[in-house]
Amino acid sequence: MNQIIDISNWQLLLGLLFILLAQISSFVFHLGLNRDIAIGTVRTFAQLFLMGFVLTYILETERMLLVVGVFLVMVVSAIFIIKGRVAEKQVSYLLPTFLTMLVSYFATAMFVSGLIIGSSPWWEPRYFLPAGGMVIGNSMSALAISLERFFRDLRQQRDQIEMQLSLGAGYREASAEIFRNSVKAGMIPSINAMMGVGLVFIPGMMSGQILAGIDPMIAIRYQIVVMLMLVGATALSSVTIMLLIRKRCFGSGEELLLTSS
Amino acid sequence: MTAPILEIQDLSFSYDGATEKIFSHLNLKVEEGEFLLVKGPSGKGKSTLLRLICRLQQPRSGIIRYRSRDITQIAPSTLRSSISFVAQIPRMIDASVKENLLLPFSFEANKAKSAPSDHSLSQMLRNFYLESVPLTHSAMKLSIGQMQRLAIMRAILLQPDILLLDEPTSALDPESAGMVFSLIERLNTNEGKTLITVTHSDYVPQAPRAAVYRLHERTLHQEK
């Protein structure tokens, strides 16, 4: 009963039938997604097999620097994904975003791995890397949403901001509502996930553990920790990044630097 | 002889990436209580001049002094409480007339200033030809002319030393424009407010101390 069923190469290729279905849909309805689906499929196979080999090695390692190095690579990759999603040219946001992600996600993963799960050492790769990976993956989307919304609203509401600045508002006061709305926009998906978890969907990590034969009562405890961790990490990183980036959107005279072009 | 309330020295400005300058070596002195009307065709930098004075934009070179102090040495919010700018298109928050009028008093830089009572606000609304507008009325439902007068009133409530008005009548019908111009002149003659108004219209102020300038060849020339 507890024996894990391995997926053979042939069985894995059977999964490509789902991709065939998506390709046919794209072709018939002219969705223009055929190329992206093909590239995405190849990348999924290549990246995950590569990760499998790396993890097999990493999970056995006793070298902290190697584990931290892998974490660093994950954060750097996340930055490139954010760069692709947030098309902002006037304000340089990448370095503060990178530093915020690095510090807040590292602290979160360290707290979860070392303190809540209680692994010893705290960087035990079996716990630290999955925790870090989930935080980075989820929070990265939240950050991209927040940043995108923040830059867009500052531009769209330029007249309102300048009206308030003209009446003696500081840049923080003039952008307070946009700040709030941007952070909220990033946080809402992780809060909504807490509302629906266990009712509307079974989360990926928990499903994975159950498929691997873990007792569901243990799996749910891990999942609860993950859900709480994601909300906390998203709040911490979104607020920090907004505080750092907001200052860069205003000049020395607290004038709004973003223009509509 | 007292120092001018506002002095612009050798001001130059061009937009980012533009080769042509909007202003070059522009000089100006404004005495307290003076009424300046700056005229010139659209797109020649009239609005930019006002925005530079209240630091909504930064000059490339030159100095602007307010009461003999370089404005870059004054906290921006403090400066803008003393030099109020009213934009060409008046902006309101989605709230009542009263909430819009009291908005500036919610800002940290204006906390020391006492907010006017409902009675004073109603009285001022009458003076601004807005007697038919109740304080509880939604500001977003006002006509553009009413919004313009409300925006000027809101700026005045802060008791600024200088009022900068950017094309205050450009979006108005002749009747509303007449009201706004008479209001502006009254602020200068009765209350002694220092005013700088930019316009491309043919309006000639009747105020006794009014000085008309024309923006030409990237600098200001006073008309006799």
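What you are looking at is a predicted structure, and each value in this text was computed from that prediction instead of being measured. Proteins get letters first, then strands, A, B, ... in listed order; numbering begins at 1 in each.
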Mark yes when over 12 heavy atoms from residues, nucleotides or ligands other than [X] sit less than 6.0 Å from its [atom1]; otherwise mark no.
X	atom1	answer
B:K44	NZ	no
A:L65	CG	no
A:F98	CZ	yes
A:E177	CD	no
B:K111	NZ	yes
B:K141	NZ	no
B:M140	CE	yes

message: Does B:Q57 form a side-chain hydrogen bond (donor to acceptor under 3.5 Å, both in side chains) with A:E255? I'd like the steps, not just the answer.
response: CA-CA 6 Å; B:Q57 275 173 271; A:E255 78 281 16; over 6 Å; no

Are the side chains of [Y] and [X] in contact, using a 4.5 Å heavy-atom criterion?
X	Y	value
A:E254	B:R80	yes
A:L165	B:L56	yes
B:E108	A:R172	no

Looking only at heavy atoms, what is the nearest atom pair of [X] and [Y], with distance?
X	Y	answer
A:M163	B:M92	CE-C, 4.3 Å
B:S84	A:S166	OG-O, 4.0 Å
B:S81	A:G168	OG-CA, 3.8 Å
B:P76	A:G253	CB-O, 3.4 Å
A:L167	B:L158	O-CD1, 3.5 Å

field: Between A:S252, A:A174, A:G251, the one whose heavy-atom pairs under 4.5 Å with chain B are most numerous
entry: A:S252

- request: Take B:R91 and A:E162 through the test side chain to side chain contact (heavy atoms under 4.5 Å, CB included) and record every step on the way to the result.
  value: CA-CA 9 Å; B:R91 297 289 169 189; A:E162 290 197 338; over 6 Å; no

query: Side chain, backbone, both or neither: which part of A:E173 has a non-hydrogen atom closer than 4.5 Å to chain B?
result: side chain

field: Proximal component of B:T78, with respect to chain A [non-hydrogen, under 4.5 Å]
entry: neither

message: Report which part of B:I74 has an atom under 4.5 Å of a heavy atom belonging to chain A: side chain, backbone, both, or neither.
response: neither

